[in-house]
Each structure stands twice: as C-alpha cells, then as structure tokens.
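Reviewing the structure listed below.
Just so it is clear, the structure is predicted and the values come from calculations on it, not from any experiment.
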Amino acid sequence: MSAFMGEIIGTMILIILGCGVNAGVTLNKSYSKASGWIVITIGWGLGVAMAVYAVGSISGAHLNPAVTIGLASIGKFPWTDVPAYIIAQMIGAIIGATLVWLHYLPHWAETEDAGSKLGVFSTGPAIKNTFANIMSEIIGTFVLVLGILAIGQNEFAQGLNPFIVGALIVAIGISLGGTTGYAINPARDLGPRIAHFILPIAGKGDSNWGYAWIPVVAPIIGGVLGGVFFQTFF
C-alpha cells in the first residue's frame with residue numbers, strides 16, 4: 001500500500017470512529033444518546049489510536065494537515081510530499097463522514113435540530129468569539145504537535161505508541177475541547193463539513209461556512225508553532 005492510500009484509509013478510520021461517536025451521542029433514538037463529552041473524547045482518542053495502528057507503518061499516520069505541515073516546517077517531513085498527504089487526508093475524511101451518514105441513516109429524520117446534525121460532522125464554538133475561537137484551536141493544535149513529537153522521544157513497549165497518542169487526544173479534548181469542539185485538524189473539520197453540504201441529510205440546515213475557515217487556518221498555525229517550539233527547546 002502506498003503512503004497516499006495509507007493516509008486515505010487512516011483518516012477514513014479516524015472520521016468513522018470520531019464522527020461516529022458524535023452521531024451516537026447526538027442523534028435521537030441512538031442507544032448512546034446524551035452519554036456526554038467524556039464519551040466523545042474517548043471515542044475520538046480511540047479513533048486516532050486505531051487509525052495510527054492501521055497505517056502508522058505505511059504513511060506515518062499523520063491523518064491531519066496541521067501535523068503534516070508542522071513536521072515539514074521543522075524539516076521532519078519533505079515539503080514535496082505535503083500536497084499529496086493533504087489531498088489524501090481530505091479524501092479519507094469525506095469518505096469517513098459519508099459512511100457515518102449511512103450508518104446512522106434512519107436517525108437523521110428522528111432528530112429535529114439542524115445544528116446538532118451539523119455538529120456530528122464538524123465543529124463550532126460554544127461561544128462565538130473569533131479571536132478566542134482562533135486562539136483555542138491554535139493552542140489545542142500546538143499541544144497536539146508538541147505532544148506527538150515529545151511522545152516520539154520516549155521508548156515504550158512495542159506497539160504502545162499509537163495508544164499513547166490516542167490518550168493525548170483524550171487529554172486535549174477533556175482539557176481544551178470545550179470551547180470549540182477541538183477540531184485541531186483541518187481535514188477532520190473541512191472534509192466532514194463538505195460531506196454535510198453534499199449529502200441528502202434529512203432536515204439538515206446550512207453548513208456554517210462563515211466559521212469553517214477557523215478550524216482550517218488556526219490548527220495549521222498551531223501545528224507550526226508546536227513543531228518550532230519542540231525543535232527550539234527539546
């Protein structure tokens with residue numbers, strides 16, 4: 001399998017399990033309805049871990065343009081490979097979101113709130129404040145990239161690294177995710193948002209394109225800052 005396919009499949013797995021837990025907690029008549037933020041953060045963390053286990057040996061399991069660009073900015077990934085990785089991540093995210101829509105197909109019509117349906121696919125601010133929302137995504141992604149690089153400096157039992165990265169995602173979600181839903185990944189937010197826009201989801205509203213640039217631009221800034229910080233101080 002090529003690295004390009006690895007990033008598609010890995011990001012698809014991440015979104016199936018991540019947006020899948022969003023759907024389970026959000027949509028009416030789901031057995032996991034209203035099970036809460038802790039369940040969501042654990043679902044995303046385990047989703048990342050499973051994706052890294054699946055394709056880490058193939059593509060390095062970036063699964064995130066902010067990680068790819070952050071690593072490239074400090075010379076740990078070739079810039080020539082960045083566009084292909086980002087394209088693959090976007091493709092995987094759209095496919096994953098589409099599969100979540102299919103999996104929960106009868107539940108969309110049972111859920112009245114259009115905003116909740118959008119929240120299955122993409123993030124939004126708890127309090128709309130452009131500066132604060134940007135800073136939240138920058139800080140969250142800064143911690144993500146710094147954490148990934150720091151984890152790589154340690155020796156674990158064979159095969160444990162992906163689980164530790166998943167734990168990092170849970171930690172970021174619990175501690176920092178309550179402000180914007182912690183996209184910390186442009187593909188994770190934009191890919192499913194595109195799927196929401198395209199798919200015939202029963203009773204959906206708009207895709208909130210006015211906010212969509214924040215979880216794209218801010219994580220890239222945070223990823224670069226996290227990489228530079230690690231290179232400077234570690």
Side-chain angles (χ1 to χ4, degrees), residues 7-48 50-51 54 63-65 86-128 130 133 136-137 169 173 177-219:
E7 285 295 294
I8 290 176
I9 292 172
T11 310
M12 179 188 73
I13 292 170
L14 165 63
I15 297 301
I16 289 173
L17 297 177
C19 289
V21 73
N22 287 355
V25 171
T26 301
L27 299 180
N28 288 342
K29 298 189 177 180
S30 160
Y31 285 132
S32 55
K33 168 75 174 176
S35 50
W37 185 249
I38 301 299
V39 169
I40 288 174
T41 59
I42 292 172
W44 277 101
L46 292 176
V48 169
M50 293 306 105
L63 318 176
N64 181 343
I86 293 175
I87 291 169
Q89 291 153 5
M90 287 296 299
I91 293 171
I94 293 170
I95 293 171
T98 301
L99 292 174
V100 170
W101 168 68
L102 287 170
H103 184 84
Y104 284 93
L105 194 59
H107 294 265
W108 304 104
E110 298 291 336
T111 305
E112 294 180 359
D113 183 56
S116 295
K117 294 173 189 178
L118 176 59
V120 170
F121 294 89
S122 56
T123 63
I127 298 174
K128 188 175 180 179
T130 299
N133 302 154
S136 288
E137 288 294 331
I169 301 300
T179 53
T180 59
Y182 79 122
I184 59 173
N185 180 340
R188 170 266 173 273
D189 191 273
L190 184 57
R193 197 182 297 269
I194 291 171
H196 176 272
F197 178 75
I198 293 171
L199 292 170
I201 301 165
K204 72 175 181 179
D206 69 75
S207 301
N208 194 14
W209 291 110
Y211 178 78
W213 67 274
I214 292 177
V216 171
V217 174

Might you point out which heavy atoms bring A93 and G191 nearest each other, and give the distance in Å? CB-CA, 4.0 Å

Salt bridge (charged side-chain N to carboxylate O under 4.0 Å, His left out): which pairs involve residues 181-194, sequence neighbours left out? D189-R193

Please identify each residue that fulfils side-chain hydrogen bond (donor to acceptor under 3.5 Å, both in side chains) with S116, with sequence neighbours left out. D113

To check you understand the geometry: which heavy-atom pair defines the closest contact between S32 and S35, and what is its length? O-OG, 2.7 Å

What pairs with A109 under side chain to side chain contact (heavy atoms under 4.5 Å, CB included), at least two apart in sequence or on another chain? A202

Contacts of I95 meeting side chain to side chain contact (heavy atoms under 4.5 Å, CB included) (sequence neighbours excluded), chain-then-number -> I8, M12, I91, L99

Of all the heavy-atom pairs spanning I94 and A195, show the shortest one and how long it is. O-CB, 4.3 Å

Salt bridge (charged side-chain N to carboxylate O under 4.0 Å, His left out) partners of residues 21-30, not counting sequence neighbours, each pair once: K29-E110

Under the salt bridge (charged side-chain N to carboxylate O under 4.0 Å, His left out) definition, can you give me all pairs with a residue in residues 195-208, not counting sequence neighbours? none

Residues forming a side chain to side chain contact (heavy atoms under 4.5 Å, CB included) with T111, sequence neighbours excluded: L27, N28, K117

For W101 against P200, the heavy-atom pair lying closest together: CZ2-CG, 3.7 Å

Could you check if a side-chain atom of T98 sits within less than 4.5 angstrom of a side-chain atom of L199, using non-hydrogen atoms only? yes

Using the salt bridge (charged side-chain N to carboxylate O under 4.0 Å, His left out) rule, collect all pairs that involve residues 91-105, keeping only residues at least two apart or in two chains. none

The reported gap from CD1 in I194 to OG in S122 (rounded to nearest 0.5 angstrom) is 10.5 Å

Tell me whether N185 contacts the main-chain N or O of P219 through its side chain, where contact means a donor paired with an acceptor under 3.5 Å. no

For atom NZ of K33, decide whether the heavy atoms of other residues, nucleotides or ligands shown that lie under 6.0 angstrom number more than 12. yes

Supply the atom-to-atom distance I169 CD1 to L14 CG, rounded to the nearest 0.5 angstrom. 8.0 Å

For the residue pair I15 and P192, establish whether any side-chain heavy-atom pair is separated by less than 4.5 Å. yes

Of the non-hydrogen atoms in P65 and I86, which two are nearest, and what is the gap between them? CB-CG1, 3.9 Å

What distance separates I201 CD1 from S207 OG, expressed to the nearest 0.5 Å? 7.5 Å

Who pairs with T26 by side-chain hydrogen bond (donor to acceptor under 3.5 Å, both in side chains), at least two apart in sequence or on another chain? none

Ring pair (Phe, Tyr, Trp, His ring centres under 6.0 Å) pairs, two or more places apart, involving residues 188-213: F121-H196, F197-W209

Report, as yes or no, whether the 6.0 Å neighbourhood of atom CG on L102 holds more than 12 heavy atoms from other residues, nucleotides or ligands. yes

What pair of heavy atoms forms the shortest contact from I13 to A54, and how long is it? CD1-CB, 3.7 Å

Contacts of E137 meeting side-chain hydrogen bond (donor to acceptor under 3.5 Å, both in side chains) (sequence neighbours excluded), chain-then-number -> T180

With a cut-off of 3.5 Å and sequence neighbours excluded, list every side-chain donor-acceptor pair involving residues 18-25.
unit_1 : atom_1 : unit_2 : atom_2 : d
N22    : OD1    : W44    : NE1    : 3.2
N22    : ND2    : V120   : O      : 3.3

